[in-house]
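Remember, predicted model here, so these are calculated numbers, not experimental data. Here is the naming used below: chain letters follow the sequence lines, and residue numbers restart at 1 for every chain. Quick note: numbers below take in every heavy atom, side chains included, and nothing from hydrogens, waters or symmetry partners.
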Amino acid sequence: MKKYVEEFKQILETENKEKAVEYALNLLKNKKIDVICLYSEILAPALNNMYCSLSDKDVCIWKEHVRTAIVRTIVECCYPFVIEMSDKNLNKGSAVILCPPEEYHDLGARMVADYLKICGYSAVFVGSNTPYSDFYNAIEKIKPDLIAISVSNYYNLVATKKIIEDLRKKTDSRIIVGGYAFSMNSANVAMVGADYYAETFEDIKNIVEKEASI
Amino acid sequence: MNNILELKNVNKIYGTAVKTQVLTDISLNFEKGSFNSIIGQSGSGKSTLLNIIGTLDTPTSGEVILDGVDTGTASKNRLADLRNKSIGFVFQFHYLLPEFTALENVLMPYRIGGGKVSKEILEKAKEYLTLVGLEKVINNNATKMSGGQQQRTAIARAILNNPSIILADEPTGNLDSDSTETIYNLLRDINEKFRTTFIIITHDRHIAEKADRIIEIKDGKINMDIKKA
């Protein structure tokens, strides 16, 4: 695994999109690793531990965006493998995955959508910067069993708390939170009033098992 | 880390016949050298809270301990001394005197306090005006400066006494986004260079999200108190 992590990291640093996509998909095609492993061991760490040298400091954000876009392409290309990995006979319920208004970092949420699909949920990825009122109004029609909210910028925790408070008045859906705003300070989890906090695929799996036992 | 400011069960009620409770049971600690923002809708009680912290107003009940001094039991003179030496204020409107230069405005609180402007104080005022990037307009009248420059002069004025805490009420409320960024960077530099504690009321998410801690006041109560890390 270490070898794949290192090789992918090196390719990503060159920002060669074609090569990075090909490399990641070949790992899956050749059954070297599965999608969960690709996301949690290779892609997420590659994004979280992005290195930017001092000489590149003026273009760090640019580089981060370019590399994130490459990883996003890989994730989208992985969907057939996600379908293959998910048990079609399982129907644990429905889940919606979103980011609060003005939260633009949605790649973690996108991966969580696939995790939930693999765990047997029909997962709808709503995406970044979800307009609050549209989502709030749609919830009654969608009636999801799970709502997963991803927050990176800790300022958006303020809106997240309000969203969760309002959702509680309208739905019995179980609410999961995750993202950088929580992993940087675990005390923030208690602040927003969610049912669960998830950081890894294992966390998602445990939540799904717990929900199934209720 | 030491707390520079502690609020214990602070309540504020205005009026006697008709009572309006503006703050309810506010308890907060602020660590020395921390960079905090306070957010909340208009009328939520943010400015009242800041005025109480700055000893410009008094709580109806509760304690405010600033730099080790219980402001509820301190004498008027002690409070005035505390305000002058421990607290710097920055407001949305800079309150510079238009007929005076940037340098004279920075020195104004010192003059009002009765202090003769020594060579050291003069040099310090110039140094701080340089720190805020105004060395070229030091002798310009306040009216001959841009909004951002005026606010930077107000900041230089606020730090002249090396206060341990700076209270800012919408310091970028009047500024465009570029000037807002300049002011934020300046406040952060001061925070890092002098370990000055900052408590900033702001409606500007770009300022709030860069603070190390966000406190949301809602209907006079603490609705959220979150730290970045």
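No more than 12 heavy atoms of other residues, nucleotides or ligands shown are found within 6.0 angstrom of CG on B:Asp219. In A:Tyr180, the OH atom is not crowded: 12 or fewer heavy atoms of neighbouring residues, nucleotides or ligands sit closer than 6.0 Å. The number of heavy atoms from other shown groups lying within 6.0 Å of CD (B:Glu135) is above 12. Counted within 6.0 Å of NZ on A:Lys170, heavy atoms from surrounding residues, nucleotides or ligands total more than 12; the atom is thus considered enclosed. The number of heavy-atom neighbours closer than 6.0 Å to CG of A:Asp172, taken from other residues, nucleotides and ligands shown, is 12 or below.
One finds the CZ atom of B:Arg213 at 9.5 Å from the OH atom of A:Tyr154 (value rounded to the nearest 0.5 Å). Note: B:Glu209 CD to A:Glu102 CD = 8.5 Å, rounded to the nearest 0.5 Å. Distance NZ/B:Lys227 to CG/A:Asn188: 10.0 Å, rounded to 0.5 Å.
Chain A forms the most heavy-atom pairs under 4.5 Å with one residue out of B:Arg205, B:Glu216, B:Met224, and that residue is B:Arg205.
With contacts defined as side-chain heavy-atom distances shorter than 4.5 Å, the pair B:Ile226/A:Val192 does not qualify.
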